[in-house]
Amino acid sequence: MNVNPIIKSVTIALGLLACGGAGAGWNEAGGEKDEAMLLTPDRERGIAVYEVCSACHLLEGWGLSDGTFPQLAGQHRNVLIKQLADIRAQNRDNPTMYPFALDDQIMAASGYHAGEIKPAQLVADVTAYIAKLPMNPDNGKGPWNQLFPEFTEGKKLYDDNCTQCHGANGEGDDEKFYPKIHGQHYAYMLRQFEWIRDGKRRNANPEMVEQIKNFSDKDMQMVINYVSRMQVPKELLAPSKDWQNPDYD
C-alpha cells in the first residue's frame, strides 16, 4: 500500500509508555489530551501516520524485546493520547523528540497547511489505530520462570503494590490512564520503573512514586519479571509471532 508519511513528530513521540503520569496535577483536565479524546479518528489517516512510527516500533507495533523501543500495539488509547500529549507539551522529558513534536514540524511533515487540520486530530487518528493492533505473543521476558523463588516473590510484590492501578493481570485502566503492562517487554519496563522510582520521569503518577520508592533493585527486577510473564488474553494477541501487519502489504 502506498501512503504518505504523516506527522513524523507525532508518531515518533509515541515511543515511551510506562506506568502513570507526574507530580501535582499530573493528569489535569483540558488541553490537547482532552481534545484528542473527543475527536472521531480516521483509520486510513492513522495507518499513514503510523508508518513513520514503524521505523522504531515495527509495522506491527511490537517494539524490540531488548527494550530499546516498547510495544505500543494494544495499549489503551487514552494512555497513548496522554503520553503523546505530555511529550508535545514538554511534560515528559525526551529532548530528541521535542523538535519533531512542534506544530510547525507536524504540519510540514503531514502534508497539511496550518489551519487545515488540528494536530489533536492527528493524535486521535494514530492512537486509535495503534490501540487496535494485536499484541506480540512473544514479548521480552525476565530471567526467572515459575520454577524460581524470584518469580514467586515478584508475584507477591505485584499483588501487594500494583493491582490497585494496573489490575490483577496487568490490564490497566483506560478511563484512569493506567497503562496496560501485561505483554510489555521486560527490559523496557525495568528501565521505566527505575526512572519513576528514582524521580527521573517528570510525568510519573505521584502515587506510584510513593508506592515504589523503597523498592530495592532486586525487588524491581523481580516484580517486573513477574509482569513480563503474565498471560495476555488470547483475543488481544496476534495469531503467531510471525504475524505481519496486512495494512502495509
Side-chain angles (χ1 to χ4, degrees), residues 15-27 62-76 78-80 82-83 86-87 91-94 135-233 236-237:
L16 298 176
L17 304 168
C19 315
W26 77 275
N27 196 21
W62 293 354
L64 298 178
S65 61
D66 67 2
T68 306
F69 303 109
Q71 172 163 223
L72 302 181
Q75 183 57 260
H76 295 306
N78 287 348
V79 172
L80 293 166
K82 176 185 169 10
Q83 295 302 318
D86 279 354
I87 291 171
N91 293 329
R92 179 172 176 174
D93 295 317
N94 199 313
M135 298 173 68
N136 185 354
D138 189 28
N139 64 294
K141 311 262 190 324
W144 302 295
N145 64 25
Q146 289 87 337
L147 300 178
F148 287 83
E150 286 88 350
F151 178 90
T152 303
E153 182 59 28
K155 182 181 188 306
K156 185 178 186 304
L157 286 165
Y158 184 85
D159 291 344
D160 290 347
N161 294 277
C162 310
T163 56
Q164 184 175 354
C165 294
H166 292 290
N169 191 46
E171 67 271 20
D173 189 317
D174 191 35
E175 291 186 4
K176 295 180 179 179
F177 301 91
Y178 298 138
K180 183 183 297 183
I181 53 177
H182 59 208
Q184 186 57 267
H185 302 304
Y186 169 79
Y188 176 77
M189 289 191 289
L190 192 64
R191 183 172 72 250
Q192 293 301 315
F193 191 104
E194 183 176 13
W195 286 355
I196 292 169
R197 183 197 64 178
D198 296 349
K200 295 179 180 179
R201 174 139 168 197
R202 280 196 303 120
N203 82 331
N205 186 330
E207 293 181 1
M208 182 175 178
V209 176
E210 180 67 22
Q211 189 71 28
I212 69 173
K213 66 181 182 182
N214 294 320
F215 273 51
S216 68
D217 286 353
K218 186 63 178 291
D219 291 337
M220 176 175 66
Q221 293 161 7
M222 291 188 296
V223 73
I224 296 302
N225 173 79
Y226 173 71
V227 173
S228 74
R229 292 177 175 275
M230 285 177 165
Q231 293 296 310
V232 180
L236 300 179
L237 296 172

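In this text the structure is predicted, and so the values were computed from the model without any measurement.
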### Message
For the residue pair N225 / S228, report whether a side-chain donor-acceptor contact shorter than 3.5 Å exists.
### Response
no
### Query
Would you say K82's side chain and F177's backbone share a donor-acceptor pair under 3.5 angstrom?
no
### Query
Are the charged groups of K200 and E194 less than 4.0 angstrom apart, N to O?
no
### Message
Using only atom types and a distance under 3.5 Å, with no angle test, would you say the side chain of H76 pairs donor to acceptor with the backbone of E175?
### Response
no
### Query
Does D217 come within less than 4.0 Å of R197, counting only side-chain N to carboxylate O?
yes
### Task
For the residue pair I212 and M220, establish whether any side-chain heavy-atom pair is separated by less than 4.5 Å.
no
### Query
Do Q71 side-chain atoms and G183 backbone N/O form a donor-acceptor pair below 3.5 Å?
yes
### Main-chain N/O of Q231 paired with H182 side-chain donor or acceptor, under 3.5 Å
no
### Task
Look at the side chain of H185 and the backbone N and O of W62, then say whether any donor-acceptor pair between them is shorter than 3.5 Å.
yes
### Message
Looking at D86 and Q83, would you say the former's side chain and the latter's main chain have a donor-acceptor pair under 3.5 Å?
### Response
no
### Message
Within a 6.0 Å radius of atom CD on Q146, are there more than 12 heavy atoms belonging to other residues, nucleotides or ligands?
### Response
yes
### Task
Ignoring hydrogens and angles, tell me if any N or O in the side chain of D173 forms a donor-acceptor pair with the backbone of Y178 under 3.5 Å.
no
### Heavy-atom donor-acceptor pair, N169 side chain to M230 backbone, under 3.5 Å
no
### Task
On the 0 to 90° scale, with breaks at 30° and 60°, tag the Y226-F151 ring pair as parallel, tilted or perpendicular.
perpendicular
### Query
Y158 side chain to G170 main-chain N or O, any donor-acceptor pair under 3.5 Å?
yes
### Query
Distance-only, no hydrogens or angles: does the R229 side chain make a donor-acceptor pair with backbone N or O of K141 under 3.5 Å?
no
### Query
Is there side-chain contact between Q164 and Q211, with at least one heavy-atom pair below 4.5 Å?
no
